[in-house]
Protein chains: 2
Amino acid sequence: MVVKGIRQLADHLDISIGTVSRALNGKKDVNEDTRRRVLEAAERLGYVANQSGRALRKGSTGVIGFMMQTGHEITGQGDTFFMSVFDGVQTVFARHGLDLVALLCSSEEDPDAYLERVVARGFADGIMLSATRRVDERFALLDRRKIPFVALGRSLTDVGQPFIDLDFEGMATTAMTRLVERGHRRIAVLRPHDDLNLGHVFLGACRLVLAEHGLTLEDDLIFDASPNEAGGYRVGQGLAHHPDRPSAIVVLNDGSVTGLFHGLEAAGLTPGKDIAVIGLHSPQARYLSPRLTCFDLSLRDLGISLAETLLASMPAYASLYPNAAHRQLWPMTLIDGDSG
Amino acid sequence: MVVKGIRQLADHLDISIGTVSRALNGKKDVNEDTRRRVLEAAERLGYVANQSGRALRKGSTGVIGFMMQTGHEITGQGDTFFMSVFDGVQTVFARHGLDLVALLCSSEEDPDAYLERVVARGFADGIMLSATRRVDERFALLDRRKIPFVALGRSLTDVGQPFIDLDFEGMATTAMTRLVERGHRRIAVLRPHDDLNLGHVFLGACRLVLAEHGLTLEDDLIFDASPNEAGGYRVGQGLAHHPDRPSAIVVLNDGSVTGLFHGLEAAGLTPGKDIAVIGLHSPQARYLSPRLTCFDLSLRDLGISLAETLLASMPAYASLYPNAAHRQLWPMTLIDGDSG
DNA sequence: CATAGTCTCGTAAACGTTTACGGAGATCGG
DNA sequence: CCGATCTCCGTAAACGTTTACGAGACTATG
């Protein structure tokens, strides 16, 4: 048997709905005996407070929305990237009875309009953004709507929004220094679409590092490619037939690395021998041959930080996370491989 | 400027909230002039009806939940798999103003309890399931709660629930016949955890096909492995050192194939030469060397069918999809590769 | 002109919950 | 034994929306 509505549950117990509600919500003014009775009955009859009614009254939904776009060509992240991050986010939210849902924006719908719609409806108490773009209306939009949010990926049009982004500057420094010290002079970069800001940031950092060594990043060595196997394959082919082939390449699209390897091999080049490859860690990375030299990070911990940063900006939870970082560049560690 | 609440919007227009609501919802009893005025003002002031209020009154949320579990070790599918399916689902839902969200169940929470909680709250009008298990409480639970749903993956405890599953029987027939005709006699199978029913179904089908040829599926040739690179790698190693090595393997875990290849290679075996490999299509499949012989399917179309099947079981939309399949085995086509 | 019909709109109830408020009974201190 | 305090609970308002209902102002029709 299943009971629908607090009214039915209250009638069933010969108690007023007020008391039932208080009992369920752990409020003070309720006898411990009746509380037990209520809890037991709710459990037995499968009563759970209606989401809409509760949200309407309380003014908060208990839901956090993580916006992502369907159709996988947009972001450069590997296949299990988000699921790992989510797992970290959840462990934090679970402590507060918050639920994480992914807001799925169709590839046919305008992301800005979608987000505005969802936020304006009051669907979620907080928003997580991903795949931030170089000019990203969404930051201003969320500011305007005054809803707490955090971005996975930095904002370039800076007005103080909270975010956590990968430390691309650190990555650029480590990668470029390593390559230069090993004698590389012509170094290429593979990044996803220019509109995503991670590639933009990374290139800037690379230029800085290279300049310190009196080197430059040649325009014809910057490859934009879809963050998938096909994109990597094409770049591999392109590299092989490049009139002035670089001796190394750094790959931001972790989904493209295996494609790149096979593209190179198909053209008779051996990664790590004919051309050094440094990438981002992905599940495949250590099973590639040669093993990929790559930057690793704890996605689960990243998710935890992401959640804490968001909660820190929500009035109801801020006091619990007094020293959560408002903005953070997430450190990555280099894992030695055989590819570069 | 942003307006909050239909009351404010109505006051701003010197109109009653009833009329405003009717205007926004395209109801009949409203002058076309005032409707335009309302629509324009709503657009300009950024008014969108509150989700909770609307859902509470209408008794439906306009939200469809796709349940999935975070932490990627459970299901064999990755982000791109789901994102492609979602894209298809969305194109159908968009026509009806329905929104798809992914209900993310933490790996630390019991999936059944999670689903019960979400459904009982009335969070969504319909549910999509994935990663169905051999004994899956969720089917009975959704039946009991009388909420429309569809599963991506069949139910084995059969009481007529709607689902779409991959045609593993067809796949088994095609794959096994092909291998047998090419002279293979000892054929292995790699599948994810036994608790997921796809592996169970597939094995059964394989046994049937093999029996027709007077062959059997040896117990020591059935490998259960985590649906990831590491799992595949270990099986590759295991195959290489198998006392009576099979000459072919069919792989259900698409996330494991590259790992399997590298595991084999690390042990000195060449896929497609020393051992035939047939798998499922994945973004990597055609960039592997040798190219993977695999079964492909249109994920986007699968999503469309999934959505239509669900809508067909929702009273409000059923009439629009009179001949949507209630249950469906989704066809897959074999793509010739070099691996087997 | 009277009546019926049409068009448009305002009013108010309802959806399921939470919570401020007040009241009834019990307990306690003097 | 009386007033004060405490414990527990019921009542009712409020959250923002949709919609059934009815009313007023026209128009058409006879």
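Note: hydrogens, waters and symmetry copies are ignored here, and every other heavy atom, side chains too, is used. The shown structure was predicted, so the numbers you read here are calculated from the model rather than taken from an experiment. Here is how names work: the chains are called A, B, and so on, in the same order as the sequence lines, proteins then strands, and each is numbered from 1.
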**Request:** Evaluate side-chain contact (heavy atoms from CB on, under 4.5 Å) for A:Leu306 paired with A:Val85, printing each intermediate quantity in order.
**Result:** CA-CA 9 Å; A:Leu306 211 54; A:Val85 173; 4.2 Å; yes

**Message:** Using OP1 and OP2 only, check whether a side-chain N or O of A:Tyr47 sits under 4.0 Å from C:dG16.
**Reply:** no

**Request:** To the nearest Å, give me how far apart CD (B:Glu32) and P (C:dT6) are.
**Result:** 18 Å

**Request:** Using whole Å, report how far CG of A:Asn50 lies from P of C:dC15.
**Result:** 12 Å

**Message:** Using the rule given for side-chain hydrogen bond (donor to acceptor under 3.5 Å, both in side chains), can you reason through A:Asn31 versus A:Arg37, listing the C-alpha separation, both sets of side-chain angles and the distance that settles it, and then say yes or no?
**Reply:** CA-CA 10 Å; A:Asn31 183 288; A:Arg37 281 209 313 140; over 6 Å; no

**Asked** At under 4.0 Å, does any side-chain N or O of B:Ser52 touch on OP1 or OP2 of D:dG16?
**Response** no

**Request:** Apply the side-chain hydrogen bond (donor to acceptor under 3.5 Å, both in side chains) test between B:Asp165 and each candidate in B:Gln328, B:Arg327, B:Arg154; give the one that qualifies.
**Result:** B:Arg154

**Request:** Rounded to the nearest angstrom, tell me the gap between atom NZ in A:Lys58 and atom P in C:dC15.
**Result:** 22 Å

**Request:** Please state how far atom CZ in B:Arg121 lies from atom P in C:dT17, giving the value in whole angstrom units.
**Result:** 12 Å

**Request:** Using five pairs at either end of the helix from C:dC1-D:dG30 to C:dG30-D:dC1, determine the angle between the two local helix axes and round it to 10 degrees.
**Result:** 50°

**Prompt:** Reckon A:Lys27 touches a base, only the sugar-phosphate, or nothing at all at heavy-atom distances under 4.0 Å?
**Reply:** sugar-phosphate

**Request:** Nearest whole angstrom, please: distance from the P of C:dA14 to the CD1 of A:Ile6.
**Result:** 19 Å

**Request:** Give a yes/no answer on whether the side chain of A:Asn31 brings an N or O atom under 4.0 Å of OP1 or OP2 in D:dT7.
**Result:** no

**Prompt:** If you look at every strand shown and take non-hydrogen atoms under 4.0 Å, does A:Gly18 touch a base, only sugar-phosphate, or nothing?
**Reply:** base

**Message:** By the definition salt bridge (Lys or Arg N to Asp or Glu O under 4.0 Å), identify the one residue from A:Arg144, A:Arg138, A:Arg121 that meets it with A:Glu116.
**Reply:** A:Arg144

**Prompt:** Could one point to a donor on the side chain of B:Arg22 or the base of C:dG10 with an acceptor on the other under 3.5 Å away?
**Reply:** yes

**Separation of atom CG in B:Leu56 from atom P in D:dC15, rounded to whole Å** = 14 Å

**Prompt:** Are B:Tyr321 and B:His96 an aromatic pair by the rule of ring centers under 6.0 Å?
**Reply:** yes

**Message:** Can you measure B:Gln51 atom CD to C:dC15 atom P for me and round it to whole angstrom units?
**Reply:** 19 Å

**Request:** Return no unless some side-chain N or O of B:Thr19 is found under 4.0 Å from OP1 or OP2 of C:dG10.
**Result:** yes

**Asked** Starting at the 5' end of DNA chain C and moving along, which residue's nearest nucleotide shows up first, A:Asp29 or A:Arg57?
**Response** A:Arg57

**Request:** Look at A:Glu40 together with A:Arg36 and state whether they make a salt bridge at an N to O cut-off of under 4.0 Å.
**Result:** no

**Prompt:** Could you give the NZ-to-P distance, from A:Lys28 to D:dT7, as a whole number of Å?
**Reply:** 7 Å

**Request:** Look at B:Arg95 together with A:Glu108 and state whether they make a salt bridge at an N to O cut-off of under 4.0 Å.
**Result:** no

**Prompt:** According to a strict under-4.0 Å criterion, is A:Thr34 in side-chain N/O contact with OP1 or OP2 of D:dC9?
**Reply:** yes

